[in-house]
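Okay, so here's the structure we're looking at.
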2 protein chains.
Amino acid sequence: MSPSSDQFLSQPDRAQLRSRLAQAGLRATQQRIVILESLLVLPGHPTAEQVHRRVVLETPTISLGTIYKALDSFVASGLIKRVAAAEGASRRYDADCSAHHHLYCTDTQEIIDYCNPQLDLLIQEFFAARGFQNFQPRAFSLHITGEKVDAAQEIKPL
Amino acid sequence: MSPSSDQFLSQPDRAQLRSRLAQAGLRATQQRIVILESLLVLPGHPTAEQVHRRVVLETPTISLGTIYKALDSFVASGLIKRVAAAEGASRRYDADCSAHHHLYCTDTQEIIDYCNPQLDLLIQEFFAARGFQNFQPRAFSLHITGEKVDAAQEIKPL
DNA sequence: TTATCTGCAAACAATTTGCACCCAC
DNA sequence: GTGGGTGCAAATTGTTTGCAGATAA
(Lines give C-alpha, C1' and ligand atoms only; values in the text may rest on other atoms or scores of the structure.)
Protein backbone atom coordinates (compact mmCIF):
# COMPACT_ATOMS: atom_id res chain seq x y z
CA MET A 1 0.00 0.00 0.00
CA SER A 2 1.25 3.47 -0.85
CA PRO A 3 0.94 6.50 1.46
CA SER A 4 -2.05 8.88 1.59
CA SER A 5 -4.97 8.17 3.86
CA ASP A 6 -7.54 10.89 3.34
CA GLN A 7 -10.29 10.59 0.75
CA PHE A 8 -11.38 8.11 -1.90
CA LEU A 9 -9.63 7.83 -5.23
CA SER A 10 -6.21 8.79 -4.10
CA GLN A 11 -3.55 6.19 -4.89
CA PRO A 12 -4.82 4.25 -7.87
CA ASP A 13 -5.86 7.59 -9.34
CA ARG A 14 -8.44 8.24 -12.01
CA ALA A 15 -5.92 8.42 -14.84
CA GLN A 16 -4.54 4.98 -14.01
CA LEU A 17 -7.99 3.48 -13.62
CA ARG A 18 -9.04 5.06 -16.92
CA SER A 19 -6.16 3.50 -18.80
CA ARG A 20 -6.76 0.15 -17.19
CA LEU A 21 -10.33 0.23 -18.42
CA ALA A 22 -9.22 1.42 -21.86
CA GLN A 23 -6.66 -1.38 -22.13
CA ALA A 24 -9.44 -3.85 -21.43
CA GLY A 25 -11.47 -2.24 -24.21
CA LEU A 26 -14.04 -0.79 -21.82
CA ARG A 27 -15.55 2.67 -21.78
CA ALA A 28 -14.23 4.63 -18.80
CA THR A 29 -17.42 5.93 -17.24
CA GLN A 30 -17.47 7.64 -13.85
CA GLN A 31 -19.27 4.63 -12.41
CA ARG A 32 -16.83 2.06 -13.74
CA ILE A 33 -13.87 4.06 -12.48
CA VAL A 34 -15.25 4.11 -8.95
CA ILE A 35 -16.28 0.46 -9.11
CA LEU A 36 -12.84 -0.63 -10.26
CA GLU A 37 -11.21 1.50 -7.60
CA SER A 38 -13.37 -0.15 -4.92
CA LEU A 39 -12.39 -3.60 -6.15
CA LEU A 40 -8.75 -2.65 -5.83
CA VAL A 41 -9.12 -1.08 -2.41
CA LEU A 42 -11.65 -3.29 -0.60
CA PRO A 43 -9.94 -6.10 1.31
CA GLY A 44 -10.87 -9.76 1.18
CA HIS A 45 -12.43 -9.88 -2.32
CA PRO A 46 -15.78 -8.14 -2.18
CA THR A 47 -19.27 -9.09 -3.32
CA ALA A 48 -21.38 -6.85 -5.57
CA GLU A 49 -23.20 -5.60 -2.46
CA GLN A 50 -19.97 -4.71 -0.71
CA VAL A 51 -18.76 -2.83 -3.76
CA HIS A 52 -22.07 -1.00 -3.91
CA ARG A 53 -21.93 -0.04 -0.24
CA ARG A 54 -18.57 1.60 -0.78
CA VAL A 55 -19.35 3.16 -4.11
CA VAL A 56 -22.58 4.91 -3.05
CA LEU A 57 -20.56 6.97 -0.56
CA GLU A 58 -18.87 8.62 -3.52
CA THR A 59 -21.58 8.31 -6.18
CA PRO A 60 -24.88 8.19 -4.27
CA THR A 61 -27.08 7.69 -7.33
CA ILE A 62 -25.31 4.58 -8.57
CA SER A 63 -27.55 1.52 -8.69
CA LEU A 64 -26.78 -2.04 -7.72
CA GLY A 65 -27.74 -3.12 -11.23
CA THR A 66 -24.93 -0.99 -12.60
CA ILE A 67 -22.50 -2.71 -10.25
CA TYR A 68 -23.60 -6.11 -11.55
CA LYS A 69 -23.34 -5.00 -15.17
CA ALA A 70 -19.93 -3.47 -14.63
CA LEU A 71 -18.60 -6.54 -12.82
CA ASP A 72 -19.91 -8.75 -15.64
CA SER A 73 -18.18 -6.67 -18.29
CA PHE A 74 -14.96 -6.53 -16.25
CA VAL A 75 -14.93 -10.32 -16.01
CA ALA A 76 -15.83 -10.74 -19.70
CA SER A 77 -12.93 -8.49 -20.71
CA GLY A 78 -10.48 -10.24 -18.42
CA LEU A 79 -9.97 -7.17 -16.21
CA ILE A 80 -11.05 -9.03 -13.09
CA LYS A 81 -11.98 -12.59 -12.11
CA ARG A 82 -14.66 -14.34 -10.15
CA VAL A 83 -13.22 -16.00 -7.08
CA ALA A 84 -13.85 -19.67 -6.29
CA ALA A 85 -15.48 -19.91 -2.88
CA ALA A 86 -17.26 -22.70 -1.02
CA GLU A 87 -18.95 -20.46 1.54
CA GLY A 88 -21.49 -17.72 1.23
CA ALA A 89 -24.34 -16.95 -1.13
CA SER A 90 -22.83 -14.14 -3.18
CA ARG A 91 -20.27 -14.02 -5.91
CA ARG A 92 -16.93 -12.53 -5.07
CA TYR A 93 -14.44 -10.82 -7.30
CA ASP A 94 -10.70 -10.38 -7.59
CA ALA A 95 -9.14 -7.38 -9.32
CA ASP A 96 -5.76 -9.12 -9.43
CA CYS A 97 -5.54 -11.34 -12.50
CA SER A 98 -1.92 -12.36 -12.05
CA ALA A 99 -1.24 -15.90 -10.82
CA HIS A 100 -1.66 -16.14 -7.08
CA HIS A 101 -3.18 -18.24 -4.34
CA HIS A 102 -5.87 -17.60 -1.74
CA LEU A 103 -6.07 -17.89 2.02
CA TYR A 104 -9.64 -18.50 3.19
CA CYS A 105 -10.23 -17.20 6.69
CA THR A 106 -12.99 -19.27 8.30
CA ASP A 107 -13.53 -16.61 10.96
CA THR A 108 -13.96 -13.45 8.90
CA GLN A 109 -14.85 -15.02 5.53
CA GLU A 110 -12.08 -12.94 4.05
CA ILE A 111 -10.17 -14.28 1.07
CA ILE A 112 -6.60 -13.05 1.22
CA ASP A 113 -4.17 -13.06 -1.69
CA TYR A 114 -1.08 -15.17 -1.27
CA CYS A 115 1.72 -14.95 -3.78
CA ASN A 116 4.74 -17.24 -3.73
CA PRO A 117 6.72 -17.79 -6.93
CA GLN A 118 8.84 -20.51 -5.32
CA LEU A 119 5.73 -22.49 -4.52
CA ASP A 120 4.45 -21.99 -8.07
CA LEU A 121 7.70 -23.34 -9.43
CA LEU A 122 7.61 -26.33 -7.12
CA ILE A 123 4.13 -27.28 -8.24
CA GLN A 124 4.90 -26.67 -11.91
CA GLU A 125 7.94 -28.92 -11.70
CA PHE A 126 5.89 -31.59 -10.00
CA PHE A 127 3.35 -31.59 -12.80
CA ALA A 128 6.04 -31.47 -15.46
CA ALA A 129 7.46 -34.69 -14.00
CA ARG A 130 4.21 -36.63 -13.47
CA GLY A 131 1.32 -34.82 -15.04
CA PHE A 132 -2.23 -35.86 -15.83
CA GLN A 133 -3.60 -38.62 -18.00
CA ASN A 134 -6.77 -37.17 -19.50
CA PHE A 135 -6.57 -33.54 -18.57
CA GLN A 136 -4.78 -30.58 -20.13
CA PRO A 137 -4.01 -28.11 -17.31
CA ARG A 138 -4.01 -24.37 -18.03
CA ALA A 139 -3.59 -22.82 -14.60
CA PHE A 140 -3.65 -23.71 -10.95
CA SER A 141 -4.29 -22.01 -7.65
CA LEU A 142 -3.90 -23.21 -4.12
CA HIS A 143 -6.75 -22.66 -1.64
CA ILE A 144 -5.60 -22.63 1.95
CA THR A 145 -8.28 -22.54 4.63
CA GLY A 146 -7.49 -21.49 8.17
CA GLU A 147 -7.68 -18.47 10.44
CA LYS A 148 -6.00 -15.12 10.60
CA VAL A 149 -3.88 -14.70 13.75
CA ASP A 150 -2.00 -11.86 15.44
CA ALA A 151 1.59 -11.35 14.43
CA ALA A 152 2.54 -12.34 17.99
CA GLN A 153 0.86 -15.76 18.01
CA GLU A 154 2.76 -18.88 17.15
CA ILE A 155 1.82 -20.62 13.91
CA LYS A 156 1.91 -24.42 13.88
CA PRO A 157 2.73 -26.48 10.79
CA LEU A 158 -0.16 -27.93 8.90
CA MET B 1 -15.92 -48.68 -8.89
CA SER B 2 -17.24 -52.09 -8.04
CA PRO B 3 -19.14 -54.35 -10.50
CA SER B 4 -22.94 -54.46 -10.94
CA SER B 5 -24.65 -52.29 -13.51
CA ASP B 6 -28.40 -52.85 -13.20
CA GLN B 7 -30.53 -50.63 -10.97
CA PHE B 8 -30.00 -47.82 -8.47
CA LEU B 9 -28.70 -48.45 -5.01
CA SER B 10 -26.51 -51.35 -5.78
CA GLN B 11 -22.90 -50.86 -4.74
CA PRO B 12 -22.96 -48.34 -1.89
CA ASP B 13 -25.92 -50.31 -0.55
CA ARG B 14 -28.59 -49.10 1.82
CA ALA B 15 -26.93 -50.62 4.88
CA GLN B 16 -23.70 -48.75 4.22
CA LEU B 17 -25.49 -45.50 3.50
CA ARG B 18 -27.56 -45.94 6.67
CA SER B 19 -24.50 -46.34 8.83
CA ARG B 20 -22.80 -43.39 7.18
CA LEU B 21 -25.78 -41.23 8.07
CA ALA B 22 -25.90 -42.68 11.58
CA GLN B 23 -22.20 -41.97 12.12
CA ALA B 24 -22.86 -38.38 11.18
CA GLY B 25 -25.67 -38.26 13.76
CA LEU B 26 -28.38 -38.00 11.10
CA ARG B 27 -31.67 -39.85 10.89
CA ALA B 28 -31.57 -42.35 8.02
CA THR B 29 -34.75 -41.55 6.14
CA GLN B 30 -35.51 -43.07 2.73
CA GLN B 31 -35.00 -39.67 1.14
CA ARG B 32 -31.64 -39.03 2.73
CA ILE B 33 -30.40 -42.46 1.76
CA VAL B 34 -31.23 -41.87 -1.89
CA ILE B 35 -29.83 -38.33 -1.81
CA LEU B 36 -26.55 -39.49 -0.31
CA GLU B 37 -26.32 -42.30 -2.83
CA SER B 38 -26.81 -39.83 -5.69
CA LEU B 39 -24.05 -37.61 -4.35
CA LEU B 40 -21.71 -40.59 -4.33
CA VAL B 41 -22.67 -41.78 -7.79
CA LEU B 42 -23.17 -38.60 -9.82
CA PRO B 43 -19.95 -37.47 -11.52
CA GLY B 44 -18.47 -33.99 -11.46
CA HIS B 45 -19.94 -32.78 -8.13
CA PRO B 46 -23.63 -32.15 -8.60
CA THR B 47 -25.91 -29.22 -7.80
CA ALA B 48 -29.12 -29.61 -5.78
CA GLU B 49 -31.06 -29.67 -9.07
CA GLN B 50 -28.90 -32.43 -10.49
CA VAL B 51 -29.34 -34.50 -7.36
CA HIS B 52 -33.09 -33.92 -7.55
CA ARG B 53 -33.25 -34.96 -11.20
CA ARG B 54 -31.64 -38.28 -10.35
CA VAL B 55 -33.47 -38.88 -7.12
CA VAL B 56 -37.00 -38.35 -8.51
CA LEU B 57 -36.45 -41.35 -10.78
CA GLU B 58 -36.37 -43.53 -7.70
CA THR B 59 -38.54 -41.51 -5.30
CA PRO B 60 -40.92 -39.53 -7.53
CA THR B 61 -42.61 -37.63 -4.69
CA ILE B 62 -39.42 -36.15 -3.27
CA SER B 63 -39.33 -32.36 -3.35
CA LEU B 64 -36.49 -30.04 -4.22
CA GLY B 65 -36.89 -28.43 -0.80
CA THR B 66 -36.07 -31.74 0.82
CA ILE B 67 -32.90 -31.97 -1.26
CA TYR B 68 -31.82 -28.55 -0.03
CA LYS B 69 -32.60 -29.39 3.57
CA ALA B 70 -30.79 -32.71 3.36
CA LEU B 71 -27.73 -31.15 1.72
CA ASP B 72 -27.64 -28.47 4.42
CA SER B 73 -27.78 -31.04 7.20
CA PHE B 74 -25.14 -33.19 5.49
CA VAL B 75 -22.78 -30.23 5.28
CA ALA B 76 -23.54 -29.16 8.87
CA SER B 77 -22.72 -32.64 10.14
CA GLY B 78 -19.54 -32.87 8.10
CA LEU B 79 -20.82 -35.74 5.94
CA ILE B 80 -20.25 -33.78 2.72
CA LYS B 81 -18.74 -30.45 1.71
CA ARG B 82 -19.62 -27.55 -0.48
CA VAL B 83 -17.23 -27.23 -3.39
CA ALA B 84 -15.42 -23.97 -4.14
CA ALA B 85 -16.24 -22.89 -7.68
CA ALA B 86 -15.83 -19.64 -9.59
CA GLU B 87 -18.29 -20.49 -12.36
CA GLY B 88 -22.00 -21.14 -12.37
CA ALA B 89 -24.91 -19.95 -10.27
CA SER B 90 -25.62 -23.06 -8.21
CA ARG B 91 -23.91 -24.60 -5.25
CA ARG B 92 -22.10 -27.84 -5.79
CA TYR B 93 -21.37 -30.60 -3.34
CA ASP B 94 -18.71 -33.20 -2.71
CA ALA B 95 -19.44 -36.44 -0.88
CA ASP B 96 -15.73 -37.12 -0.44
CA CYS B 97 -14.44 -35.36 2.66
CA SER B 98 -10.94 -36.78 2.55
CA ALA B 99 -8.13 -34.46 1.42
CA HIS B 100 -8.02 -34.17 -2.34
CA HIS B 101 -7.71 -31.68 -5.17
CA HIS B 102 -10.00 -30.64 -8.00
CA LEU B 103 -9.65 -30.43 -11.75
CA TYR B 104 -12.01 -27.80 -13.20
CA CYS B 105 -12.95 -28.58 -16.79
CA THR B 106 -13.73 -25.31 -18.57
CA ASP B 107 -15.55 -27.19 -21.36
CA THR B 108 -17.96 -29.38 -19.42
CA GLN B 109 -18.02 -27.48 -16.10
CA GLU B 110 -17.23 -30.79 -14.43
CA ILE B 111 -15.17 -30.77 -11.26
CA ILE B 112 -13.07 -33.92 -11.13
CA ASP B 113 -11.40 -35.28 -8.01
CA TYR B 114 -7.65 -35.49 -8.11
CA CYS B 115 -5.77 -37.29 -5.39
CA ASN B 116 -1.99 -37.29 -5.12
CA PRO B 117 -0.36 -37.94 -1.74
CA GLN B 118 3.10 -37.12 -3.10
CA LEU B 119 1.91 -33.68 -4.11
CA ASP B 120 0.30 -33.21 -0.69
CA LEU B 121 3.56 -34.08 0.97
CA LEU B 122 5.52 -31.72 -1.26
CA ILE B 123 3.24 -28.80 -0.41
CA GLN B 124 3.17 -29.65 3.30
CA GLU B 125 6.95 -29.71 3.39
CA PHE B 126 7.11 -26.42 1.61
CA PHE B 127 4.85 -24.78 4.20
CA ALA B 128 6.71 -26.46 7.06
CA ALA B 129 9.90 -24.76 5.82
CA ARG B 130 8.53 -21.28 5.11
CA GLY B 131 5.01 -20.93 6.38
CA PHE B 132 2.75 -17.94 6.90
CA GLN B 133 3.13 -14.83 9.03
CA ASN B 134 -0.37 -14.04 10.19
CA PHE B 135 -2.34 -17.06 9.17
CA GLN B 136 -2.85 -20.45 10.80
CA PRO B 137 -3.49 -22.95 7.99
CA ARG B 138 -5.82 -25.91 8.56
CA ALA B 139 -6.11 -27.51 5.15
CA PHE B 140 -5.31 -26.86 1.52
CA SER B 141 -6.58 -27.90 -1.85
CA LEU B 142 -5.23 -27.29 -5.31
CA HIS B 143 -7.60 -26.05 -8.03
CA ILE B 144 -6.43 -26.91 -11.50
CA THR B 145 -8.35 -25.44 -14.41
CA GLY B 146 -8.06 -26.88 -17.90
CA GLU B 147 -9.84 -29.24 -20.27
CA LYS B 148 -10.52 -32.94 -20.37
CA VAL B 149 -8.82 -34.64 -23.33
CA ASP B 150 -8.89 -38.11 -24.92
CA ALA B 151 -6.45 -40.64 -23.60
CA ALA B 152 -4.76 -40.55 -27.03
CA GLN B 153 -4.03 -36.79 -27.09
CA GLU B 154 -0.70 -35.45 -25.99
CA ILE B 155 -0.69 -33.39 -22.82
CA LYS B 156 1.68 -30.42 -22.66
CA PRO B 157 3.29 -29.17 -19.49
CA LEU B 158 1.73 -26.18 -17.84
C1' DT C 1 -23.05 11.64 -33.51
C1' DT C 2 -23.85 7.24 -31.96
C1' DA C 3 -23.01 2.99 -29.80
C1' DT C 4 -22.66 1.96 -25.23
C1' DC C 5 -23.72 2.64 -20.42
C1' DT C 6 -26.82 3.90 -16.59
C1' DG C 7 -30.81 3.78 -13.53
C1' DC C 8 -34.93 2.01 -12.54
C1' DA C 9 -38.29 -1.55 -12.08
C1' DA C 10 -39.82 -5.81 -13.21
C1' DA C 11 -38.45 -10.66 -14.01
C1' DC C 12 -35.93 -14.63 -12.89
C1' DA C 13 -33.29 -18.17 -10.52
C1' DA C 14 -31.53 -20.30 -6.44
C1' DT C 15 -32.30 -21.08 -1.91
C1' DT C 16 -34.89 -20.66 2.52
C1' DT C 17 -38.78 -20.73 5.46
C1' DG C 18 -43.32 -22.00 7.79
C1' DC C 19 -46.31 -25.30 8.82
C1' DA C 20 -49.30 -29.55 8.90
C1' DC C 21 -48.48 -34.22 8.47
C1' DC C 22 -45.43 -38.35 8.71
C1' DC C 23 -41.97 -41.63 10.26
C1' DA C 24 -37.40 -43.26 12.31
C1' DC C 25 -35.72 -43.98 16.58
C1' DG D 1 -44.81 -41.59 21.51
C1' DT D 2 -42.26 -37.83 19.96
C1' DG D 3 -38.81 -34.98 17.90
C1' DG D 4 -37.05 -34.41 13.78
C1' DG D 5 -37.92 -34.85 8.63
C1' DT D 6 -40.89 -34.24 4.56
C1' DG D 7 -43.72 -31.92 1.11
C1' DC D 8 -45.86 -28.12 -0.35
C1' DA D 9 -46.26 -23.27 -1.21
C1' DA D 10 -45.01 -18.81 -0.18
C1' DA D 11 -41.14 -15.75 0.94
C1' DT D 12 -36.43 -14.14 0.40
C1' DT D 13 -32.14 -13.31 -1.66
C1' DG D 14 -28.99 -12.71 -5.42
C1' DT D 15 -28.67 -11.70 -10.13
C1' DT D 16 -30.44 -10.56 -14.82
C1' DT D 17 -33.13 -8.13 -18.14
C1' DG D 18 -35.62 -4.41 -20.85
C1' DC D 19 -35.94 -0.02 -21.93
C1' DA D 20 -35.79 5.25 -21.99
C1' DG D 21 -32.61 8.71 -21.14
C1' DA D 22 -27.63 9.99 -20.49
C1' DT D 23 -22.72 10.07 -21.92
C1' DA D 24 -17.93 8.70 -23.55
C1' DA D 25 -15.48 8.41 -27.67
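The sequence lines fix the lettering, A, B, ..., with proteins before strands; numbering per chain opens at 1.
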Evaluate the side-chain proximity of B:Gln30 to B:Thr59: yes if any heavy-atom separation is below 4.5 Å, no if none is. no

4.5 Å side-chain heavy-atom contact, B:Val56 and B:Thr61: no

I want to know whether B:His143 and A:His143 have ring centres closer than 6.0 Å. yes

Figure out the CZ/C1' separation between A:Arg32 and C:dT6, and round it to whole Å. 10 Å

Figure out the CD/P separation between B:Glu87 and C:dA14, and round it to whole Å. 15 Å

Identify whether any heavy atom of A:Thr61 sits under 4.0 Å from a base atom; if not, whether one sits that close to sugar-phosphate; answer base, sugar-phosphate or nothing. sugar-phosphate

Looking across every strand, which nucleic acid part, if any, lies under 4.0 Å from A:Ser90 by heavy atom: base, sugar-phosphate, or nothing? sugar-phosphate

Verify whether the ring centers belonging to A:Tyr114 and B:Phe135 lie closer than 6.0 Å. no

Just compare C:dG7, D:dG7, C:dA14 and give me whichever is closest to any side-chain atom of B:Ala89. C:dA14

Take atom CG of B:Asp72 and atom P of D:dT6, then tell me their distance rounded to the nearest Å. 12 Å

Whole-Å gap separating P (C:dC5) and CD1 (A:Ile35): 12 Å

Does D:dT6 have its OP1 or OP2 closer than 4.0 Å to a side-chain nitrogen or oxygen of B:Ser63? no

For nucleotides 17-25 of chain C, read 5' to 3', which letter fits each nucleotide if B means a protein heavy atom sits under 4.0 Å from the base, S means only the sugar-phosphate is that close, and - means neither? BB----BBS

Length of the line joining A:His52:NE2 and D:dT13:P, which is rounded to integer Å: 17 Å

Calculate the interatomic distance between B:Leu64 atom CG and C:dA14 atom P; express it in whole Å. 10 Å

Residue from B:Asp120, B:Asp113, B:Asn116 passing side chain to side chain donor-acceptor pair (under 3.5 Å) with B:His100: B:Asp113

Sub-4.5 Å side-chain heavy-atom contact between B:Gln109 and B:Tyr104: no

Report the residue (A:Gly25 or B:Arg92) whose heavy-atom-nearest nucleotide on DNA chain C is the more 5′ of the two. A:Gly25

Nearest-angstrom distance from the residue atom CZ of B:Arg91 to P of C:dA13: 18 Å

Gap between atoms CD1 and C1', on B:Ile62 and D:dC8 respectively (whole Å): 13 Å

Suppose we call two aromatic rings close when their centres sit under 6.0 Å apart. Are B:His45 and B:Tyr93 close by that rule? no

